[in-house]
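Below is one structure; the comments refer to it alone.
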Amino acid sequence: MANFAKPSAPRFSVEVYQNEFLPEGGRDVHAIVTVTSTGGATATRAAADRGSAAVVIMVDCSGSMEYPPDKMRGAREATAAAIDTLRDGTAFAVIAGTHVAKEVYPGQGRLAVADAATRAQAKESLRSLSSGGGTAIGTWLRLADGLLRRSTATIRHGILLTDGRNEHEDPAVLRATLEACAGRFTCDARGVGTDWEVKEVTGIASALLGSADIVADPAHLSEDFTLMMENVMGKEVADVALRLWTPVGVEIQYVKQVAPTVQDLTDRRSEAGPRAGDYPTGSWGDESREYHVCVRVPAASVGQEMLAARATLLLPAAPGEPPATLAQGLVRAVWTDDLAASTAINPQVAHYTGQAELAQAIQQGLEARKMGDVGGATAKLGRAVQLASASGNADTAKLLAKVVDVVDAAAGTVRLKAKVADADEMTLETRSIQTVRVKKS
């Protein structure tokens, strides 16, 4: 493990957990790469004075937000709470989203700078938020992108609230917008009520490396928005990349974030020179994340060993300058005829493999349930209950218990409930990717 960060910046470290031993002819190497950032909270206070963050809040103002009326009222109150959470010096704007996007504050293509006066003005402008029109989320994101691109802030972030489906825009337009915005800013997405599409909201958050969640009761929006904004204000370093270098003959099978949520990064690789590729990780504050890296090495004989991959955390530099190395870790492969050594599964690898399977089982089980496939849904959700129980994922176990009757958690024996509240099913689906940390001795 190596650490290269400057003392004045948050310090990053990389730890690699793996069983490096392979049987003769073995080829697949699995490793959990744990990345930890510390010291960002102190640095963030100084960074705020330099105006290092820019945030755009996008509020759904389509016609459905008026039914029931507490949705629109909750959205206004939540946006006001988020504005109150902005640190002085933060650039910000508010957008009203329908089938078009409109600037609510400060307007004229600008970002305001947070202080007591602008926060008060922004909250006063929220009185103008009213419902009416359709939903075209791509237009909201494009306007947010345009505003954020005017800022020189290090951290560029969006917060998006919707209560419905993206019905007034071709899905291809939203996909193209997300592809264009990826890497330019991160975005947290929230669905309020139960009339929105889970895959749509989680897809937005996934593409823009943010979080997604459901707020079934509009009364809880203010609390959620406050927590989201506090999290944004805690970010200090943006656009961090995980670079994987591999020797000749080594193939990367996949790269997945596995904690605190499951996020497949394999297809987001950007080439970074001979045998090297960068995977985006977004913005960081004081936190730790874990990544599952699987590489396929050439077969070798007992006694041979090799460097299977080098994982380096990088911070982009100014044009023409090399990126700064924040931390580094190594993935190794050693061939042995010791059966016990080569067949042992590293606890971290086993745990996060199970967590990824848990997320997939929930999603497949809920999809089967929607399609009327009782047998398939029962099998997949039963497996999910079994995995949640074995890994100690109590939060997911509680959500599963609202969708199935658990007969035997250890065996994965369940019965589908005859009636399930929409909010319970959507909460389970939305939060299926949330994982628990491995229990370290």
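These numbers were taken from a predicted model, which means no experiment stands behind them.
- Ring geometry for Tyr254 against His292 counts as perpendicular: the plane angle is over 60°, on a 0 to 90° scale with 30° as the lower cut.
- Side-chain polar atoms of Ser64 and Asp163 form a donor-acceptor pair below 3.5 angstrom.
- Between the side chains of Ser206 and Gln263, at least one donor N or O sits under 3.5 Å from an acceptor N or O.
- By the 4.5 Å heavy-atom criterion applied to side chains, Glu169 and His99 are not counted as neighbours.
- Less than 6.0 angstrom separates the ring centroid of Phe92 from the ring centroid of Tyr105.
- With hydrogens and angles disregarded, no donor-acceptor distance shorter than 3.5 Å links the side chain of Thr36 to the backbone of Ser288.
- For the residue pair Glu287 / Ser37, no side-chain donor-acceptor distance below 3.5 Å is found, with atom types taken as modelled.
- Side-chain N or O atoms of Thr85 include one that pairs as donor or acceptor with a backbone N or O of Ala81 at under 3.5 Å.
- Side chains of Glu66 and Ser131: a donor-acceptor N/O pair is present below 3.5 angstrom, by distance only.
- In summary, the side chains of Thr353 and Glu357 do not present any donor paired with an acceptor at a separation below 3.5 Å, with no hydrogens or angles considered.
- Looking at Ser211 and Asp188, their side chains do bring a donor and an acceptor atom within 3.5 Å of each other.
- If you check the side chains of Thr34 and Glu290, you find a donor sitting under 3.5 Å from an acceptor.
- Considering all non-hydrogen atoms of both residues, Asp115 and Asp88 come closest at CA-OD1, 3.5 Å.
- Between the side chain of Arg269 and the main chain of Ala276, a donor-acceptor pair closer than 3.5 Å is present.
- The backbone N or O of Leu314 sits nowhere less than 3.5 Å from a side-chain atom of Arg243 that would complete a donor-acceptor pair.
- There is a side-chain donor-acceptor pair under 3.5 Å between Gln328 and Thr312.
- Residues Arg383 and Gln386 have side chains that bring a donor and an acceptor to within less than 3.5 angstrom of each other.
- In this model, no donor atom of one side chain and acceptor atom of the other lie less than 3.5 Å apart for Thr194 and Asp422.
- Thr177 and Arg142 are linked by a side-chain donor-acceptor pair at a separation below 3.5 angstrom, with hydrogens and angles left out of the test.
- With rounding to the nearest 0.5 angstrom, the CG atom of Leu358 is 6.0 Å from the CG atom of Asn393.
- With no hydrogens or angles considered, a side-chain donor-acceptor pair links His157 and Thr186 at under 3.5 Å.
- By the 4.5 Å heavy-atom criterion applied to side chains, Leu141 and Leu160 are counted as neighbours.
- No donor-acceptor pair under 3.5 Å is formed between the side chain of Thr430 and the backbone N or O of Thr427.
- Using modelled atom types and a 3.5 Å distance limit, the side chains of Thr154 and Ser52 yield no donor-acceptor pair.
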